[in-house]
Amino acid sequence: MVDAAIQSGTANRECMFEAFARRLPSGRRYGIVAGTGRLLDLIRDFRFGDAELDWLRANDVVRPPTLDWLADYSFSGNIWGYREGDAYFPGSPLIQVDGTFAECVVLETLILSVLNYDSAVASAAARMVSVSLGRPLAEMGSRRTGEYSAVAAARAAYIAGFAATSNLEAGRSWGIPTMGTAAHSFTLLHDSEEDAFRAQVDAFGTSTTLLVDTYNIERGIELAVAVAGTGLGSIRIDSGDLPTVAAAARAQLDSLGAVNTRITVTSDLDEYSIAALSASPVDAFGVGTSLVTGSGAPAAGMVYKLVAHKDDADQWVSVAKTSASKASVGGRKNALRRLDAAGIAQEEVVLVDDDGPAVAAATDAAAQPGSATERSLLVPLMQAGVVDERYLGPSGTRLAREQNAAAMRELPVDAFRLGRGDAVIPTVFA
């Protein structure tokens, strides 16, 4: 497309692209925006080096003028978007990219690959957090996804409320609290379960978490307390009928005097199994496969569409698809969330063809106690190719986590039902 647009003379036409989701995954009532901080880093650094240009040239992918254009590529436009960690709904204009056609369209795969995956994980994580009843959750899914997506998943889960990750690279890169436990292989390495427990306690102290289900859970708990004493920090259970096993484990720990020893459970948990453990004496959860695969929705279903461009008279022209089931809404947009007097979201309002997202960014409405209000949703993320540094790195990740906590408080109670349902608030185009 870049090659053809350069040849036709339309490559430099100013355009507005938009990333949005036509619908939420089946049964979901809201989505969570994640990946923005990663994406801004990637766009800022996105270049075509000699290796890429040589391959394009050798394989005749594009013509020489396009190779010259790619060699000088650096995004110089503007990006607005929902705050990372915020909730979104069908039709929400999550990212708006303003620049020349060529420099915007070449970012499509980068933008969608980041937002689709990270938002899928964050949306699943938010559902798990909402049913955990305040008990901490740890992300433990690195072995169930790609090596790079594992780090992205840990970050997205943390933004959505997870307390920690077992992925040390995510801790190093994004400042996420890290944690870990021994695996069954550590127990099997030793001549006995007791020897394994002693080795772990000698190394890490009695506050460690001992995995007690390698052989027999009841015997494992007995040995764990015998080795670490009644001050043992935690046991982990990774098998069995968890509600039954957790109840029995709690009773046994109490009978041994380890009344403050916590119980952590793992074993293919998702939001439904976490909810089913709501009445069980479980203190913490470790979640892997379901989390990093979006709990059945591994991509958020977002698309990236051209919604407006300038004509030869320098006037904005709205454009849109009209294909059956895949229609889009053209035009530059603002987005507002209407809240009632209690601060609960009532509807998402998308204003089409007004003054564009820059106005929304400059007129963010603050909620007034006891009165209905509107909150502007689009903020400037990149201006003239310069990233707003507030959204980057560990500090940007913490900011996104704070935004998520605030957004979750805005959602109606029905948002947290796990049964099938539609988006919890409507999206209205005006």
Side-chain angles (χ1 to χ4, degrees), residues 15-22 30-44 46 75-99 103-105 107-123 152 155-156 159-160 300-308 328-329 331-337 348-352 354-365 375-393 395-397 399-404 406-407 427:
C15 292
M16 179 72 78
F17 280 79
E18 178 184 307
F20 64 95
R22 291 191 178 94
Y30 63 91
I32 299 296
V33 181
T36 310
R38 289 205 311 119
L39 178 60
L40 293 174
D41 262 336
L42 293 168
I43 292 176
R44 180 185 59 188
F46 190 68
F75 183 72
S76 62
N78 308 306
I79 300 177
W80 296 268
Y82 278 40
R83 296 163 181 83
E84 188 169 18
D86 211 341
Y88 74 87
F89 303 93
S92 296
L94 303 181
I95 291 284
Q96 298 204 345
V97 184
D98 171 37
E103 68 176 340
C104 293
V105 77
L107 295 175
E108 177 172 357
T109 298
L110 182 64
I111 289 171
L112 289 181
S113 63
V114 171
L115 292 182
N116 267 315
Y117 181 69
D118 291 37
S119 297
V121 173
S123 298
R155 181 180 181 275
I159 286 170
M302 295 178 191
V303 295
Y304 183 74
K305 299 299 178 185
L306 178 65
V307 294
S328 57
V329 178
R332 298 189 303 157
K333 302 176 182 71
N334 283 337
L336 307 169
R337 187 163 299 155
E348 196 100 334
V349 181
V350 180
L351 305 174
V352 182
D354 59 354
D355 294 315
V359 172
T363 59
D364 194 12
R375 178 165 72 85
S376 295
L377 299 171
L378 291 164
V379 297
L381 302 172
M382 180 179 279
Q383 297 293 296
V386 178
V387 174
D388 189 326
E389 298 284 337
R390 292 177 297 172
Y391 302 112
L392 303 182
S395 61
T397 302
L399 184 64
R401 181 179 170 90
E402 292 168 5
Q403 176 60 46
N404 177 255
T427 304

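Here, residue 1 is the first one in the sequence, and each next residue gets the next number.
- Using a 4.5 Å heavy-atom cutoff, the side chains of Y30 and F89 are in contact.
- The minimum heavy-atom distance linking M302 with N116 is given by the pair N-OD1, 2.7 Å.
- By the 4.5 Å heavy-atom criterion applied to side chains, Y391 and V379 are counted as neighbours.
- Judged as a side-chain hydrogen bond (donor to acceptor under 3.5 Å, both in side chains), and not counting sequence neighbours, the contacts of R38 are D118.
- Just one residue in the list R155, R401, R390 forms a salt bridge (Lys or Arg N to Asp or Glu O under 4.0 Å) with E84, and that residue is R155.
- Residues passing the side-chain hydrogen bond (donor to acceptor under 3.5 Å, both in side chains) test with N78 are D98, sequence neighbours excluded.
- The two residues M382 and R44 have their closest heavy-atom pair at CE-N, 4.3 Å.
- Closest non-hydrogen pair, A120 versus A300, comes out as CB-N, 3.9 Å.
- Proximity of P93 to W80: side-chain heavy atoms (C-beta onward) are nowhere separated by under 4.5 Å.
- Smallest separation of non-hydrogen atoms from L336 and S376: CD2-OG, 3.5 Å.
- Rounded to the nearest 0.5 angstrom, L378 CG and Y82 OH are separated by 6.0 Å.
- Residues L377 and R83 approach most closely at O-NH1, 3.6 Å, considering heavy atoms.
- A donor-acceptor pair is defined here as one N or O able to donate and one able to accept, closer than 3.5 Å; such a pair exists between the side chain of S123 and the backbone of I32.
- The closest donor-acceptor contact from the side chain of S119 to the backbone of A34 lies under 3.5 Å.
- The structure places OG1 of T36 at 11.5 Å from CG of D41, a figure rounded to the nearest 0.5 Å.
- With contacts defined as side-chain heavy-atom distances shorter than 4.5 Å, the pair R337/D86 qualifies.
- Between Y304 and C104 the shortest heavy-atom distance is OH-O, 2.9 Å.
- Residues V307 and V329 have side chains not in contact (no heavy-atom distance under 4.5 Å, counting atoms from C-beta outward).
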>> F17 vs I111, test: side-chain contact (heavy atoms from CB on, under 4.5 Å). Steps then yes/no.
In response: CA-CA 11 Å; F17 280 79; I111 289 171; over 6 Å; no

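- Looking at residues two or more places apart in sequence or on another chain, you find no salt bridge (charged side-chain N to carboxylate O under 4.0 Å, His left out) involving R22.
- Tested against V114, the residues I43, L42, I95 include a single side chain to side chain contact (heavy atoms under 4.5 Å, CB included) partner, L42.
- Q96 places a side-chain heavy atom less than 4.5 Å from the side chain of E18.
- T427 OG1 to F20 CZ: the interatomic distance, rounded to the nearest 0.5 Å, is 11.5 Å.
- Between the CG atom of L381 and the CG atom of L39 there is a distance of 8.5 Å, given to the nearest 0.5 Å.
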